[in-house]
Amino acid sequence: MLYWDYAAAAPPYEEVVQTLEQVMRTHFANPSSLHRGGETANGLIKRAREVCAAALGVLPQEIIFTSGATESNNMAVKGAALQLQGRGRHLVTTELEHPSVYESCLQLQKLGWEITWIAPDSKGVVEPSKVAAAVRPDTVLVSVMHVNNEIGTVQPLREIGEQVKAVNSRTLFHVDGVQGYGKLEVDLKGWQADLYSLSAHKLRGPRGTGILYIREGVTLFPLLTGGSQEQQHRAGTENVPGIVASAKAVRMSGEQRHVFVNRIAPLKKRLEDTIAAIPGLVLNSQPDGAPHIVHFSYPGMKGEVLARKLEELGMAVSTRSACSSRLAEPSRVLLSMGRDTAAALGGIRISLGDSHTEKDVMELGQALHAAVQALKIAEGGMK
Ligand code: PMP
C-alpha cells in the first residue's frame with residue numbers, strides 16, 4: 001500500500017520514536033517536582049522550547065506546548081476573544097479555515113461575538129484588502145491559515161498582516177501554520193503574526209502534541225486552569241516525551257524543507273498534470289500552492305467511492321481533510337471557492353511526503369486512470 005495522506009498524519013522520524021521511548025523510560029519525573037529527576041525533566045522542556053524558538057526565529061518564552069494544533073487554535077481564538085472582550089467583540093477569519101478555528105469562531109458567535117467570514121476567490125486564495133476592509137476598531141483578532149489543509153492554497157500572509165495592522169495596530173493576527181511549516185518559508189516577524197499554531201504529527205513528530213507561539217506582550221485568557229505550567233498559559237502536567245520529540249521533529253522537518261522545495265514540488269506538478277489529463281477529473285489545487293497537497297474532484301461521484309477504489313488498487317488517499325472525511329456533507333472549502341455541490345462531494349486529497357519517489361507518482365497516476373475507468377464502466381452498467 002502506498003501512503004498518500006501525509007497532510008493528515010506523517011510517519012514519525014525514527015529519531016522521534018527513539019526519543020519518545022528514551023524520555024518516557026528515563027525522565028518520567030514530574031517537571032514541577034523539586035528533586036533532581038524533576039529538575040532534569042524541566043531542563044528537557046526548557047531545551048525543547050529553545051529548539052522550537054530557534055527554528056521559528058522567536059524567543060523561547062514565546063513558545064507554549066499544547067496537545068496539538070486543535071488546542072493551539074482554540075487557545076488562540078477563544079483565548080484572545082475572552083481576554084480582550086473589554087476592547088471589542090469582533091473577529092475576522094476566512095471560510096477556508098480548519099474546523100478548530102472555524103468552529104471556535106462559531107462557538108464565540110453563539111455567545112454573542114460578531115464574526116466576519118472572508119470568502120476566498122475561485123482559486124482558494126483570500127484577497128488581503130478584503131480582510132483589511134473587515135477590520136474595525138473593535139476587532140480583536142484576525143485568523144488566517146498559511147496553507148489550506150484540503151486544497152493546499154497558500155495565503156498572502158505578509159500582505160494580510162501589513163494591511164490589517166495598518167487599519168488597527170492593536171488587532172492580533174493569528175496564523176494556523178500547520179500545513180505550511182517544513183514545506184514553505186515561515187516568517188513570523190515579516191507576517192507581523194502575534195500567534196502561530198503548529199502540530200507535531202504533520203512534521204513527522206508524535207501525535208497529540210502541538211505548539212502555540214504567543215508573541216511577548218500578548219496575554220490570552222487560559223482555557224485550561226489548575227496549575228502554573230507553560231507560564232500560566234496552559235495548566236496540566238507536561239507531556240515531557242511528546243515535547244522533547246516534537247522539538248526534534250520541528251528541527252528536523254525545518255532542516256529538510258529543501259526536499260519539498262527541490263524534489264517533491266516537481267512530483268506534485270507531475271501528478272497534477274496527470275490528473276488534468278484524465279477526462280472527468282477537475283483539479284482544485286493550484287500550481288503555486290504548497291508542494292505537498294494535490295486535490296481534485298470527480299463531479300458526480302462521491303469522493304469516498306473513488307477513494308475506496310484507489311485503496312483496492314493499493315493507494316491510500318483521503319477525501320478532503322482527515323477531520324471531516326467521515327462527514328457525508330459537501331466540502332465547505334470547495335463551496336466557498338464557488339464549486340458546485342457535485343464537485344464539493346467528489347473531492348480527493350493526495351498529500352505527498354519526503355519519501356515519495358517518481359516511481360510512486362507514476363504508479364499512482366496509473367491507479368487513478370484505472371480507478372476512473374472502472375467506475376465509469378460500473379456506472380454505465382447501472383444505467
Ligand atoms: N489546522 C490544520 C490546517 C490542520 O491540517 C490540522 C490537522 N488536521 C489541525 C489544525 C489540527 O491539528 P491536530 O491534529 O494537531 O489537532
Side-chain angles (χ1 to χ4, degrees), residues 1-20 48 51-57 69 145-155 157 175-188 190-191 196-207 209-211 244-275 283 285-295 315-318 321-322 349-365 367:
M1 183 69 70
L2 276 177
Y3 183 75
W4 298 99
D5 203 14
Y6 274 66
Y13 290 117
E14 185 49 36
E15 291 88 335
V16 161
V17 177
Q18 282 170 12
T19 301
L20 275 174
V51 168
C52 294
L56 293 174
M145 70 198 327
H146 188 190
V147 170
N148 180 266
N149 48 300
E150 212 165 307
I151 49 165
T153 49
V154 183
Q155 302 308 322
L157 296 177
V175 174
D176 174 351
V178 168
Q179 298 290 351
Y181 183 88
K183 280 86 184 180
L184 300 173
E185 195 195 346
V186 172
D187 183 5
L188 299 185
W191 300 341
Y196 175 74
S197 308
L198 280 184
S199 169
H201 72 109
K202 316 288 184 183
L203 310 174
R204 304 192 56 185
R207 279 95 267 262
T209 58
I211 287 170
V244 177
S246 292
K248 187 151 272 184
V250 166
R251 182 176 56 72
M252 289 177 72
S253 58
E255 288 168 0
Q256 290 295 307
R257 186 163 67 88
H258 63 92
V259 175
F260 281 90
V261 174
N262 300 323
R263 207 174 62 74
I264 303 302
L267 293 185
K268 178 213 172 208
K269 162 130 194 5
R270 197 157 161 174
L271 195 52
E272 285 183 333
D273 291 345
T274 304
I275 290 165
L283 204 56
S285 48
Q286 297 295 320
D288 59 355
H292 65 307
I293 297 180
V294 173
H295 190 284
M315 303 291 154
V317 301
S318 176
S321 67
R349 178 185 72 182
I350 293 164
S351 47
L352 293 97
D354 47 4
S355 65
H356 283 128
T357 63
E358 223 170 295
K359 182 169 162 281
D360 295 340
V361 168
M362 225 175 64
E363 286 178 17
L364 176 57

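Remember, it's a predicted structure, so these values are computed and weren't measured experimentally. For this chain, numbers begin at 1 and follow the sequence in order.
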Margin query: Return the CG to OG distance between L198 and S253, rounded to the nearest 0.5 Å.
Written below: 8.5 Å

Notebook entry, point to check: Measuring from L157:CG to L184:CG, what's the distance to the nearest 0.5 Å?
Noted result: 10.0 Å

Taking only residues two or more places apart in sequence or in another chain, which ones pass side chain to side chain donor-acceptor pair (under 3.5 Å) with [X]?
{"X": "D176", "answer": "N73"}
{"X": "E272", "answer": "K268, S285"}
{"X": "E14", "answer": "Q18"}

Of the non-hydrogen atoms in [X] and [Y], which two are nearest, and what is the gap between them?
{"X": "D5", "Y": "S318", "result": "OD1-CB, 3.3 Å"}
{"X": "V175", "Y": "M145", "result": "CG1-C, 4.5 Å"}
{"X": "S351", "Y": "I293", "result": "CB-CG1, 4.4 Å"}
{"X": "S355", "Y": "D360", "result": "O-OD2, 4.1 Å"}
{"X": "D288", "Y": "V154", "result": "O-CG2, 4.1 Å"}
{"X": "K202", "Y": "A7", "result": "NZ-O, 3.1 Å"}

For [X], check salt bridge (Lys or Arg N to Asp or Glu O under 4.0 Å) against everything at least two apart and list the hits.
{"X": "R270", "answer": "E358"}
{"X": "R257", "answer": "none"}
{"X": "E15", "answer": "none"}
{"X": "D354", "answer": "R204"}

Next item on the list: List in chain and number order the residues that pass side chain to side chain contact (heavy atoms under 4.5 Å, CB included) with V186, two or more places apart in sequence or in another chain; answer none if no residue qualifies.
Entry: L56, Y181, L188, W191, Y196

For a quick test of your reading: what N or O donor-acceptor pairs under 3.5 Å do the side chains of residues 245-252 make, sequence neighbours left out?
{"residue": "S246", "atom": "OG", "partner": "T209", "partner atom": "OG1", "Å": "2.8"}
{"residue": "S246", "atom": "OG", "partner": "G242", "partner atom": "O", "Å": "2.6"}
{"residue": "K248", "atom": "NZ", "partner": "T19", "partner atom": "OG1", "Å": "3.4"}

Under 4.5 Å between any side-chain heavy atoms of [X] and [Y], yes or no?
{"X": "I264", "Y": "K183", "result": "no"}
{"X": "E150", "Y": "H295", "result": "yes"}
{"X": "P291", "Y": "V261", "result": "no"}

Could you list the residues that satisfy ring pair (Phe, Tyr, Trp, His ring centres under 6.0 Å) with [X], not counting sequence neighbours?
{"X": "H201", "result": "none"}
{"X": "H292", "result": "none"}
{"X": "Y6", "result": "Y3, H356"}

Margin query: Please determine whether side-chain contact (heavy atoms from CB on, under 4.5 Å) holds for the pair V361 and L352, giving the CA-CA distance in whole Å, both sets of side-chain angles, and the decisive distance to 0.1 Å.
Written below: CA-CA 9 Å; V361 168; L352 293 97; 4.3 Å; yes

Next item on the list: Run through I350, L2, L267 and flag the one making a side chain to side chain contact (heavy atoms under 4.5 Å, CB included) with L364.
Entry: I350

